[in-house]
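Here the structure comes first, spelled out in C-alpha cells, and everything after it is commentary.
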Amino acid sequence: LSWNRSCVFYEHPHNLQGSMRHRGHVLGGTESSTILCNSSQCCFGIWNQSHGRLQAVMQGCWGSDRDGCDSPACKTSPIHTMGAILQRCLCHSDLCNANVSWLG
Amino acid sequence: LSWNRSCVFYEHPHNLQGSMRHRGHVLGGTESSTILCNSSQCCFGIWNQSHGRLQAVMQGCWGSDRDGCDSPACKTSPIHTMGAILQRCLCHSDLCNANVSWLG
Amino acid sequence: AHWQEKRKVSRQNRSAGPQACCRLQELTVDLHYEKFIIVPKRYIANNCEGPCRFPLSTRIPDYSSHTVLLMGMQERGAPLRRSPCCVPVKYSDKEIIRITTEGIQVTMFPNMVAEECGCR
Amino acid sequence: AHWQEKRKVSRQNRSAGPQACCRLQELTVDLHYEKFIIVPKRYIANNCEGPCRFPLSTRIPDYSSHTVLLMGMQERGAPLRRSPCCVPVKYSDKEIIRITTEGIQVTMFPNMVAEECGCR
C-alpha cells in the first residue's frame, strides 16, 4: 500500500482499559480491522492461552521500533501472571500480528 | 523598640543596582535611615576603603541569620576586587552596622 | 508504587548512622574564592548524601520509574556504568551582593541552596 | 557563567574515550522481571554517565550554581561526602500495556526514559 506499516487491529471488548487506536489510522469494519501505523514500523499482538487455545486480546501498532521489534514474524513469549498465560509478540512486517507464527 | 532588629539603612546613590530595602521597613529621613528587619536579626555593612578613609556604600538588613552573622559587632574583612578595597561585615545587634568596630 | 522493590532486610540499613539513606545534609560553602561576591562570605548550601537503596518508596520522597528500574538491574547483577545517585531535585535561590563593572549589585542567584533530595 | 571554573588542562579530558564527560548513553532495560508488564519486554531507558568536570559551561548543558560551588570546594581540597553526579535532569514517558486486577490496561508510565543529563 503505502510506506506505513499495516497491522491487524483488534481490542477485546471486555476487561480492557485504554486503547492503542491512536498509534495509527484504523481502516475496516467492526469484526476485524487494519491499522496503518503512524509511530513505527512495528506491530504487536497479545493472546490469552487457555486449554491449548489462543484468543486474541489486543492487536495493533506498537509505538516504537526500538523496544525489541527485531523479528519480521510474530514469535511469542509467554507471561504467566494473575492466573493466566498471555502470549505476546512484537514484529515488523505487514499484518505480521494476524497470527502467532511461533508459540513460545 | 520591638522584637525586630534595627539596622542603619543607607544605599549609595551612584553605581548601585538593586536595593536591600525589601528586607525590612525603612524609617527616617533622607540622609540617614533606620530599617526594621523583616527576614532576620542580622545587619550588614559595606564600606569603600580608600586612602585610609572609609566611605559607606550600603548598609541595611541582611536576609538570613545563617550566613555567618555570629558577631554582635561589625568586624570587617576586606575584599580586594576591581581596583578597590571593600570592607564588609555581618553583625547581629541593633544598629551594629552604623560603624566599623574592627577593621579587617 | 508500581514497581517491585526487593526489600533488603539489613541491620545496617535500619541504623540511623553513616548508613542512613539519601537525604539532605547541611553543608557550608565558603564564598571567599568567588572574588566578585561581597556579601555573604559563606552560606549554607546543603548537599544530598547517602545511598539509594530499596525500598525507595518508604525512604526517599523523590525518585523516578527510571531509577527503580536501574536499581533492579543492578540488584540482579547487571553492571551499571553509573549507579543511581542521591542528588538535589529542588533548589532555592539566594540573594547576594556582588561587584560588577558597573558597581555594586544586589542579585538573586538561582539554584544556590539544595532543598530536597532524590535518587536519580 | 558567573562562576570561576578552573580549567584542568589534561590530555585525558580531551580524549573522547572512557574519560568523556557526563552525557547520555544508551541502555536497554529488561522488563521481564516486572511481571505485570505485557508489552514491551524491554526498552531503551538510557542512562547518564561520565564524570562532572570543569569547565561545566563548555561541556555539560545542565548544571546549577550549587554544583559549581561544590566542585570548587572539592578542587580546593575540601572533602565532600557526596561529589557531584551525572544524572538525568529530564525524562520522557513510555506507553506500556500491563495487566491489572481489572484486566488489560494501556498506560503511560511517567519518567521512564532519560532524555537529558546534568551535573548535580
Side-chain angles (χ1 to χ4, degrees), chain B residues 7 9-24 35 37-40 42-49 55-71 74-92 96-97 100 104, chain C residues 16-18 20-50 60-62 86-118:
Chain B
C7 306
F9 180 79
Y10 174 75
E11 297 190 337
H12 192 70
H14 305 300
N15 302 324
L16 175 59
Q17 287 172 281
S19 170
M20 291 296 285
R21 180 179 287 274
H22 57 282
R23 289 297 182 185
I35 182 169
C37 304
N38 63 18
S39 311
S40 72
C42 186
C43 304
F44 80 95
I46 305 171
W47 291 263
N48 193 334
Q49 182 178 6
Q55 183 173 35
V57 175
M58 275 187 95
Q59 290 156 298
C61 295
W62 188 243
S64 166
D65 288 311
R66 309 181 78 220
D67 298 340
C69 197
D70 313 314
S71 171
C74 178
K75 298 180 183 179
T76 67
S77 58
I79 187 166
H80 302 258
T81 181
M82 298 189 143
I85 299 173
L86 292 169
Q87 294 281 357
R88 65 267 165 82
C89 76
L90 294 176
C91 53
H92 73 263
C96 60
N97 65 335
V100 173
Chain C
C21 284
C22 174
R23 61 188 178 148
L24 196 69
Q25 294 286 297
E26 247 189 50
L27 179 73
T28 298
V29 168
D30 189 337
L31 293 172
H32 277 118
Y33 299 93
E34 311 299 336
K35 293 219 174 263
F36 62 97
I37 296 183
I38 305 166
V39 191
K41 293 195 298 179
R42 64 178 188 268
Y43 80 109
I44 300 179
N46 297 329
N47 197 8
C48 295
E49 303 172 14
I60 321 275
D62 196 292
C86 177
V87 293
V89 295
K90 189 175 171 198
Y91 296 103
S92 60
D93 305 340
K94 181 130 190 87
E95 187 167 61
I96 63 109
I97 301 175
R98 64 172 169 167
I99 188 160
T100 71
T101 47
E102 277 100 42
I104 308 293
Q105 186 183 51
V106 177
T107 308
M108 209 56 162
F109 269 20
N111 303 328
M112 287 284 281
V113 180
E115 296 288 356
E116 288 173 23
C117 302

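All chains are named by letter (A, B, ...) in the order of the sequence lines, taking the proteins before the strands, and each is independently numbered beginning at 1. The basis for the numbers below is simple: all heavy atoms, side chains too, and nothing from hydrogens, waters or symmetry mates.
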(request) Check ring pair (Phe, Tyr, Trp, His ring centres under 6.0 Å) between C:H32 and all other residues, then give those that pass, not counting sequence neighbours. (result) none
(request) To the nearest 0.5 Å, tell me how far B:I46 CD1 sits from C:I97 CD1. (result) 4.0 Å
(message) Can you tell me how far apart CD1 (B:I79) and CD (C:E34) are? Round to the nearest 0.5 Å.
(response) 10.0 Å
(request) Counting only heavy atoms closer than 4.5 Å, note whether B:L16 contacts chain C via side chain, backbone, both or neither. (result) both
(message) If I take atom CD1 from residue C:I38 and atom CZ from residue B:F44, how far apart are they, to the nearest 0.5 angstrom?
(response) 9.5 Å
(request) Could you grab the distance from atom SG of B:C69 to atom NZ of C:K41, nearest 0.5 Å is fine? (result) 11.5 Å
(message) Using the ring pair (Phe, Tyr, Trp, His ring centres under 6.0 Å) criterion, which residues pair with B:H80? Sequence neighbours excluded.
(response) none
(message) Is C:T28 in contact with chain B via its backbone, its side chain, both, or neither, using a 4.5 Å heavy-atom distance?
(response) neither
(message) Any non-hydrogen side-chain atom of C:P40 less than 4.5 Å from a side-chain atom of B:W62?
(response) yes
(request) Select, from B:R23, B:M58, B:H12, the one with the greatest count of heavy-atom pairs under 4.5 Å involving chain C. (result) B:R23
(request) Calculate, to the nearest 0.5 Å, the distance between atoms CG and CD belonging to B:D67 and C:E95 respectively. (result) 10.5 Å
(request) Please look at C:I37 and chain B and tell me whether the side chain, the backbone, both or neither of the residue comes under 4.5 angstrom of a heavy atom of that chain. (result) backbone
(message) Can you tell me how far apart CE (B:M82) and OG1 (C:T100) are? Round to the nearest 0.5 Å.
(response) 6.5 Å
(request) State, to 0.1 Å, how close C:R42 and B:G68 come at their nearest heavy-atom pair, and which atoms those are. (result) NH2-CA, 3.4 Å
(request) Side chain from CB out, backbone as N, CA, C, O: work out which of these in B:S19 comes under 4.5 Å of a heavy atom of chain C, or both, or neither. (result) backbone
(request) Please flag which part of B:R66 lies under 4.5 Å from any non-hydrogen atom of chain C: side chain, backbone, both or neither. (result) both
